[in-house]
Amino acid sequence: MRSLGVGTSMVETDSLSFRFLESPDTILEDVTLSIRPGRTILSGASGSGKSTLLALFNRLYPENCDGILEGRLELFGRSHDDYAPGEINQRVGTVFQDPDTQFVMERVEEELIFTLENLQTPVEVIDQRVTEILESLQLTDFRNRLIDSLSGGEKQRIAVACAMVGQPEWLLLDEPLTHLDPVTANRFVEWLDQMDDVNVIVVEHRAHLWGDFFDWHIELDQGLIIRNEPFRAIDDFSFKPSPASRQAIEHYVVDEVLRDSFRLKGVTLQARIGEVIAILGPNGSGKSTFLRSLTECDHRVGLVPQSPEHLFFMNSVEQELQFGHEESINIVLEELSLEDKRVLHPLSLSHGQKRRLAVGIQLLSNIQLLAFDEPTAGQDEPSLHALERLMKRHAEKGQTILFVTHDLSFANIANTFYLMKEGILSGPFGQELWEDTERLRDYRLAGGRQRCHSII
C-alpha cells in the first residue's frame, strides 16, 4: 500500500452539523475529523450523510442550497466561507453519484472545453489537455459523441474525465464504480492507483472492489462518525441463487432500436413466470436501451430506471407506495428501511433511498414482469439483502424479475442469465456460465487483476 501523504489537511471540522432549512432533521451531527493527503474512503448506510459531507468539502453546500451549517469547517486551512464562488474548484474535482446532473454541453469535447474555460485555462493548452485526459482514460473515441447517446457507465467515465482535466490536487468521487462493468471498474482503480499526484476521497459501499487502494477509512451512521481509522481490506457480500422456476413461459417482444451508430437487434425474450433473470454485459452494449424498448413494447412490463425520480409524482413516500393498489405497504417500508421516511417527499431522500423507493413502487404493482436497471446502485449491504428478499418473494408470488447489473455478486440471486454485447442479446444461460472463462472475458465480466477478484 502507498504510505499516507504528509502536508496540510484538505478538511478540518470541529463539531460540524448540517441540516436543510425546511427540515428539522440533522443530516450531519457533531462531525469532528481531519482529512490529510492520501486516499480516504467514506462509507456508511444509505442516507447516513456521506454525499452531504462530500458536498461540503467542495462548497456545493451550503453555497448552493438552503442549508444551515454549524461548527467549524476549514478547507486547505481557510474557513469555508472565505472562498469566492468557484475558487475551490481550482483545487478540487468532483464526480457526483448521478453524472447527468453535472453535464451542461451536448458533446463530450464541448463539456471538457467548458470545464477548462471555467477554470480559466490558457486557450493555447486547452486542446492538448482534452486530448491527454481522453487518452489516459481510453476515451479518445468518445471525443465527438453526444453525451445523451452514452450509456450510464460511459457517462460516468466522461464525468471523471471532466473532474480530472483541470488537474486538481484532490478528487472527490461519489460511488464512481456503480455504473461500470467489472473490467472497466478494475482498470479505473488501476489507473487511479498510478496517479500519485492527486489525493482522493471516495464515497463507496463496495470497498472490496478497491482492494488495498485506500489509506484511511471514515464511516458514518445517521450523520455521526463511527469509524475514523486506517483502512483494512474488506470482503465482498454474498448472495444465494433463487430457486429455478418451472412455471409456464411468457413471450416478450423487443423491437429493434436504431440510434446514431448504435443498433439494438430486435428479439423475443422467453421468460418463465416467477423466474429471476440477470442481464450482464459491458458498458454501452445496449442493456438499458433493451429495458426501455421492452417496457415500451409490452404493457405487462414495469421498469425501475437508473434515475428513479422519473417514477415519482406524489407528495410523500407512503403515497407513492400506496398508489394504484390496496396491498399493505408496511412490510415493504420496513424491509427497504424507509419506515421512518414515510411522510417525507420522495425528492428529499438520498439517492440510495430514492432507488429503494422506486423498487418498492414497482414491486407493489400488479405488473407481470418487473424490470430493474442497476437496482443495486448506492445500496449498502442490509439494503441489498432486503432487495434480494423482496425480489425472491415477488418471484414466488408469480411475478417475473428481470434486472440489469454490473454487480456480479448480486447477480448470483438470478437463476437465469442473458448476456448483451453490441446490441445483441445472447442466452439463456444457467450457472454453467461462470465456468465459461472465454465467454466471461468476451463480455468484460472477467479478466481483471486480482484486485477485483471478488466481482468475477
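Numbers for residues simply follow the sequence, beginning at 1.
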Ionic contact status for Arg78 with Glu87, cut-off 4.0 Å: yes

Ring centres under 6.0 Å, that's the criterion: do Trp434 and Phe417 meet it? yes

For Tyr83, is the NZ or CZ atom of Arg59 found under 6.0 angstrom from the centre of its six-membered ring and inside 45 degrees of the ring axis? no

Flag the pair Arg300 / Leu369 as yes when at least one side-chain heavy-atom distance between them is below 4.5 Å, and no otherwise. no

Report yes or no: do His394 and Gln399 form a side-chain donor-acceptor pair below 3.5 Å? yes

Are Ile277 and Arg272 side-chain neighbours, meaning at least one heavy-atom pair lies under 4.5 Å? no

Could I get the full list of side chain to side chain contact (heavy atoms under 4.5 Å, CB included) partners for Ser48, not counting sequence neighbours? Lys50, Leu220

Please answer whether the main-chain N or O of Glu219 pairs with a side-chain N or O of Ser43 as donor and acceptor at a distance below 3.5 Å. no

Between Ser51 and Asp174: side-chain donor-acceptor atoms closer than 3.5 Å: yes

Do NZ/NE/NH1/NH2 and the carboxylate oxygens of Glu381 and Arg206 come within less than 4.0 Å? no

Does a donor on one side chain and an acceptor on the other come within less than 3.5 Å for Gln379 and Arg356? yes

Tell me whether the NZ or CZ atom of Arg39 lies within the 45° cone about the ring axis of Phe213 and under 6.0 Å from its centre. yes

Do Glu275 and Thr416 pair up side chain to side chain, a donor and an acceptor below 3.5 Å, judged on atom types alone? yes

How about Phe403 and Phe372: are their ring centroids closer than 6.0 Å? no

If you measure from CZ on Phe312 to CD on Glu320, what distance do you get to the nearest 0.5 Å? 6.0 Å

Arg72 and Glu74 ion-paired at < 4.0 Å: yes

Could you check whether Trp216 and Glu229, counting side-chain N and O atoms only, form a donor-acceptor pair closer than 3.5 Å? no

Could you label the plane-to-plane angle of the Phe18 and Phe20 rings as parallel, tilted or perpendicular, counting under 30° as parallel and over 60° as perpendicular? perpendicular

State, without any angle test, whether Ser79 and Asp81 hold a side-chain donor-acceptor pair at a distance under 3.5 Å. yes

Evaluate the ring planes of Phe239 and Phe237, with Trp represented by its six-membered ring, and classify them as parallel (under 30°), tilted (30 to 60°) or perpendicular (over 60°). perpendicular

Worked verdict on Glu175 versus His205 for side chain to side chain donor-acceptor pair (under 3.5 Å): CA-CA 7 Å; Glu175 300 277 357; His205 285 110; 2.5 Å; yes

Any luck finding a side-chain donor-acceptor pair between Asp380 and Ser383 under 3.5 Å? yes

